[in-house]
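Take a look at the structure below.
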Amino acid sequence: MRISALFLLSLLAVHAPRVAAYPEPAAPVKAEPDTCVSVPITPEAAQAAARTNQAAAAQAETYHYYADTPEEMVPYRNLDPYYRYWLERLPFRGPGRDYPDPVDLKSLKVGLLSPAPYGPEGARGERTRKGVLLAFEEENAMRQPGQIPFEVIAKEDAPLWGSAANITVEFKDNDVLGILGTIDGDATHVALRATLKLETYIINTSDPDPTLTETQVPWLTRVFPEDRQQCFRLADMVVRQRGCKRIAVLRESSRPGRVGVMHFVNDIRRLGSPAVAHLLYKAGDRSLAEQIAAIKAANPDAVLFYGQPADVGFAAAQLRQAGITAQYFGFDRLMEGAFVKNAGDAAEGMTITYFFNPERTDKPWVEFLDRFQKRWGEKPDIYAAYGYDGAKLMIEAVNKSGPNRFRIRDYLANLDSWDGVTGHMVFDARWDNIAPFSFAQYQRGKWLFQPAPAITRLDKKRLSQGMTAVPDAPAK
Amino acid sequence: MKIAGIFCLRLASLVTLLWLTAPLQILATEAELPLPVIERFETFGKEQGVPTNKVHAVLKTSDGKLWIGTWDGLCVREGEGKFRRYGPEEGLSHKLVTCMVEDPKTGDLWAGTMRGLNKVSGGKITRYFQTDSGLPNNVVYGVDIVNDNIWAATAAGVGALDLKTGAWKIYDHNNSNMHEPWCYAVKGAKDLIYIGVWGAGIVEHNPQEGTFKAYRDPDGDFHYDLVPDDGPINDITSWLAWNDGLLWQCTYFGMSRYDGKYWKTWVQDKTPLPSNFTQFAWPVNRYCWIGTDKGASVTDGTNWVNYFVGEAGAGWVEIHQSGKAMEKRPMSTALCNGFVLGIWADEKEAWLATSKGLSRGIFASGTASGKVAVVK
């Protein structure tokens with residue numbers, strides 16, 4: 001009875017009508033034979049894909065809307081909406097750029113908001129912190145006599161709603177010039193709203209929540225590519241490249257889980273393959289019998305996972321044991337060892353989106369690996385790398401703008417592109433880094449990578465604006 | 001050369017004449033408007049004792065005192081127009097004051113700050129924090145008083161303090177239909193409470209019945225407004241105000257109004273709304289003052305009067321009347337800054353809190369501010 005109820009609930013969740021004045025047309029019903037095949041990522045296939053993507057990108061002339069989402073996955077694509085947002089960046093029209101610099105500065109303070117050390121993001125936050133500290137240590141070591149050194153004011157979030165707001169106020173009370181952090185989408189949202197009042201710029205280095213930058217608050221840049229982009233890349237891979245039609249979603253029951261997959265669910269529907277099941281589990285739950293039964297009943301040819309790597313690894317193994325042979329797909333975090341450890345043989349064939357190939361050999365990346373290894377005695381991961389880049393960007397903004405929060409804001413909010421150790425970043429009208437994602441597939445004990453398509457089209461339209469769009473007064 | 005000089009002189013005289021008669025022209029226009037029209041602005045800054053550039057909130061209490069909440073303290077205007085400051089040294093919970101409301105029964109002033117809620121009563125400040133009261137979070141964005149309850153919108157839900165019993169109630173995503181608990185405005189509407197939630201639109205709460213009803217942007221996507229007038233313009237509510245049956249919603253995507261049955265929305269470029277970035281609303285009768293990042297407006301939903309200030313500090317007004325071409329005129333004085341964070345107004349005057357000072361708007365004589373606009 002419970003299983004049936006859960007299954008019905010999942011179907012309701014998947015097929016619940018959208019509340020919209022003009023709902024999108026229903027996905028067409030396809031009767032073609034199942035062509036869902038697993039195609040290993042070979043070096044040749046990867047190079048061919050990269051060439052195709054680069055050619056397509058080079059032909060595009062205009063700014064691509066909706067985080068560069070492919071046209072066929074953009075919502076309401078067949079309608080002319082009354083109003084479109086984020087065709088250009090919102091300017092900050094308030095005063096402050098001409099305010100005098102503070103006197104007798106002993107240090108240039110930057111706040112670092114880290115997740116709670118004992119929470120689910122604690123370890124990733126610690127790796128971010130190491131990347132951030134390395135950047136500031138390097139900068140302070142290079143500063144000339146007479147130059148004011150940087151100082152990191154580090155604070156840890158608590159797993160309570162609203163905690164980040166209080167910490168943001170503490171940062172302001174410490175007169176920080178900017179803020180770095182954090183991973184948790186809830187905390188970053190809360191901090192962002194507070195910083196709109198406090199007028200202190202945030203560089204986010206690790207929050208994948210697509211909704212973070214949809215708030216029109218012109219006080220945040222995100223260097224960490226977000227889940228909307230992972231979703232459309234995964235949807236493209238699952239439906240168009242692999243030909244899967246019966247797609248199940250199994251995700252953590254949490255806000256990150258909800259906002260993490262929401263675009264994937266929409267994207268596959270727009271591609272004609274709506275999810276056949278959408279199941280939830282609580283983080284850490286090891287009783288997945290009901291979810292597995294519901295997914296098995298849906299007979300999927302693909303399963304998309306979203307959650308902590310250890311949980312997904314456990315679920316992936318359980319699904320295989322239940323006889324589900326569907327292809328597996330997931331997000332970047334499954335690169336962490338806990339997934340493979342818990343999944344065991346079930347990890348084979350898992351295809352995930354990933355930021356870039358960490359084995360790449362370009363000089364900025366290789367030298368960063370070396371410096372990080374020497375400083376901390378360990379290899380950096382993606383959180384450390386983006387933390388380092390976020391800190392370097394903040395340092396650059398302060399150095400170029402001086403100790404004035406408004407000029408720092410202008411510098412960061414008007415950036416169209418920037419190069420860090422993680423690669424070339426391109427910022428869209430929401431201040432998001434929309435550098436394309438790579439794919440990685442787990443094969444015989446290691447991850448194989450497919451290169452990401454190149455970014456060329458966004459460079460053709462610069463988004464940066466002047467400080468204000470207020471027109472001049474009419475002639476007297 | 002001489003003829004050119006005479007021509008320039010006459011042209012200058014004509015410009016001067018037009019300039020001097022501009023207020024009269026405004027009067028001629030505004031006589032037909034069911035809205036007040038500001039004739040000139042007075043500006044208040046550090047010379048008058050305002051401790052900092054940024055003024056977040058302004059409130060004139062029933063005893064005639066003018067209070068402002070600033071980046072650096074709570075201030076009251078005293079004799080000779082000077083402001084007296086109350087900061088953390090005097091017991092204020094934090095120097096950055098975000099919002100204020102007066103208890104109509106007692107005259108007590110309640111002030112929300114970035115760290116705690118304050119009651120100013122009898123020359124004494126009483127502080128409320130999340131650790132020693134029922135305040136859900138220390139960051140207080142909005143405050144209102146309804147039926148002997150103080151409502152505080154915070155970064156982690158809404159808290160309600162029953163002034164008769166001293167008991168607190170907290171409403172968030174656990175015990176209401178708030179999609180997320182990031183609350184940025186709360187406003188009483190007779191027996192209803194409207195809660196502005198960042199990312200969850202507007203929640204209507206009926207305390208007597210214990211019910212909650214959500215109003216969400218029907219588009220379901222922040223990148224679009226699919227059709228106008230179909231509901232809240234966006235789910236990210238930055239402020240709410242209610243008066244005389246009309247609920248006004250500010251967002252960073254435009255402005256909305258709800259009359260209990262129909263929604264009306266405004267966005268920049270397609271309507272007279274100067275900017276989508278709307279930060280504050282203050283209704284009087286059935287018209288509303290709006291603070292944006294690009295000046296201030298007053299509208300009844302049909303007619304609009306917008307006040308701007310350019311980079312050089314010159315001010316001008318744009319009047320949008322139904323069925324007429326927009327009129328744009330210079331003003332002899334300007335709003336002190338176009339980034340308007342707070343407003344208090346009645347039928348006689350308007351006070352505007354901005355990111356660079358405080359302005360008082362003095363209405364043109366014969367203004368029709370007392371008229372009630374017909375809302376269509």
Side-chain angles (χ1 to χ4, degrees), chain A residues 18-23 65-67 74-76 79 81-87 90-96 99 160-166 168-170 172-173 186 189-194 196-199 211 214-218 255 266 430 467-476, chain B residues 15 19 53 56 94 96 98 114-115 130 136-139 141 154-157 172-173 180-182 184 198-199 216 218-228 230-231 236 251-254 267 270 275-277 293-295 308-312 314-316 328-330 337-339 355-356:
Chain A
R18 285 172 65 89
V19 181
Y22 291 91
Y65 194 55
Y66 215 73
V74 171
Y76 306 121
L79 296 173
Y82 175 67
Y83 204 90
R84 286 177 192 266
Y85 300 92
W86 292 297
L87 292 174
L90 185 76
F92 170 65
R93 297 190 173 101
Y99 291 172
L160 294 169
W161 287 89
S163 165
N166 296 333
T168 307
V169 176
E170 290 177 30
K172 182 65 204 81
D173 290 344
D186 305 350
H189 264 296
V190 168
L192 179 59
R193 184 61 179 92
L196 181 61
K197 294 277 185 196
L198 300 167
E199 295 177 334
T211 68
E214 291 189 322
T215 50
Q216 285 276 50
V217 176
R255 190 176 183 283
N266 287 333
R430 300 173 310 156
M467 291 190 300
T468 174
V470 177
D472 290 334
K476 292 178 181 176
Chain B
V15 169
W19 173 247
N53 286 319
H56 290 266
H94 191 264
L96 200 164
T98 54
M114 292 300 277
R115 187 183 297 119
Q130 69 181 64
N137 184 268
N138 278 338
V139 177
Y141 292 107
T154 81
D172 60 18
H173 56 304
E180 280 150 356
W182 309 322
Y184 295 97
W198 208 40
R216 303 289 301 273
D219 303 329
D221 197 288
F222 288 8
H223 288 65
Y224 307 90
D225 186 36
L226 205 57
V227 289
D230 60 344
I236 299 180
T251 79
Y252 304 139
F253 300 76
V267 290
K270 294 200 170 190
S275 168
N276 287 334
F277 202 88
D293 65 342
K294 200 178 173 183
F308 299 94
V309 53
E311 287 184 54
W316 74 96
K328 184 175 181 179
R329 298 208 186 103
N337 187 265
F339 206 81
S355 265
K356 205 167 186 180

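Order of the sequence lines sets the chain letters (A, B, ...), proteins ahead of strands, with each chain counted from 1.
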ask   = Going through the distances and angles, do Arg255(A) and Glu180(B) end up as a salt bridge (charged side-chain N to carboxylate O under 4.0 Å, His left out)?
value = CA-CA 9 Å; Arg255(A) 190 176 183 283; Glu180(B) 280 150 356; 2.5 Å; yes
query = Within the side chain of Tyr76(A), is there an N or O that forms a donor-acceptor pair under 3.5 Å with the backbone of Tyr224(B)?
reply =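 Pair absent, no side-chain N/O of Tyr76(A) close to backbone of Tyr224(B).
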So for [X], is it side chain, backbone, both, or neither that comes closer than 4.5 Å to the heavy atoms of chain A?
X         : value
Ser275(B) : side chain
Asn138(B) : both
Tyr252(B) : both

Answer yes if the side chains of [X] and [Y] hold a donor-acceptor pair under 3.5 Å, and no otherwise.
X         : Y         : answer
Gln130(B) : Asn166(A) : yes
Tyr99(A)  : Asn53(B)  : yes
Asn276(B) : Tyr83(A)  : yes

Are [X] and [Y] packed together at the side-chain level, in the sense that at least one heavy-atom pair is separated by less than 4.5 angstrom?
X         : Y         : result
His94(B)  : Val169(A) : yes
Asp293(B) : Phe92(A)  : no
Phe277(B) : Val217(A) : no
Asp221(B) : Tyr85(A)  : no

query = Do Lys270(B)'s NZ or CZ and the ring of Tyr82(A) fall within the cation-pi criteria of under 6.0 Å and 45°?
reply = yes
query = Using non-hydrogen atoms only, which part of Thr168(A) is less than 4.5 Å away from chain B: side chain, backbone, both, or neither?
reply =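 Thr168(A) has no heavy atom closer than 4.5 Å to chain B.
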remark   = Applying a strict 4.5 Å limit to non-hydrogen atoms, the region of Asp173(A) in contact with chain B is side chain
Max heavy-atom pair count under 4.5 Å with chain B, selected residue of Glu199(A), His189(A), Arg193(A), Arg84(A) = Arg193(A)
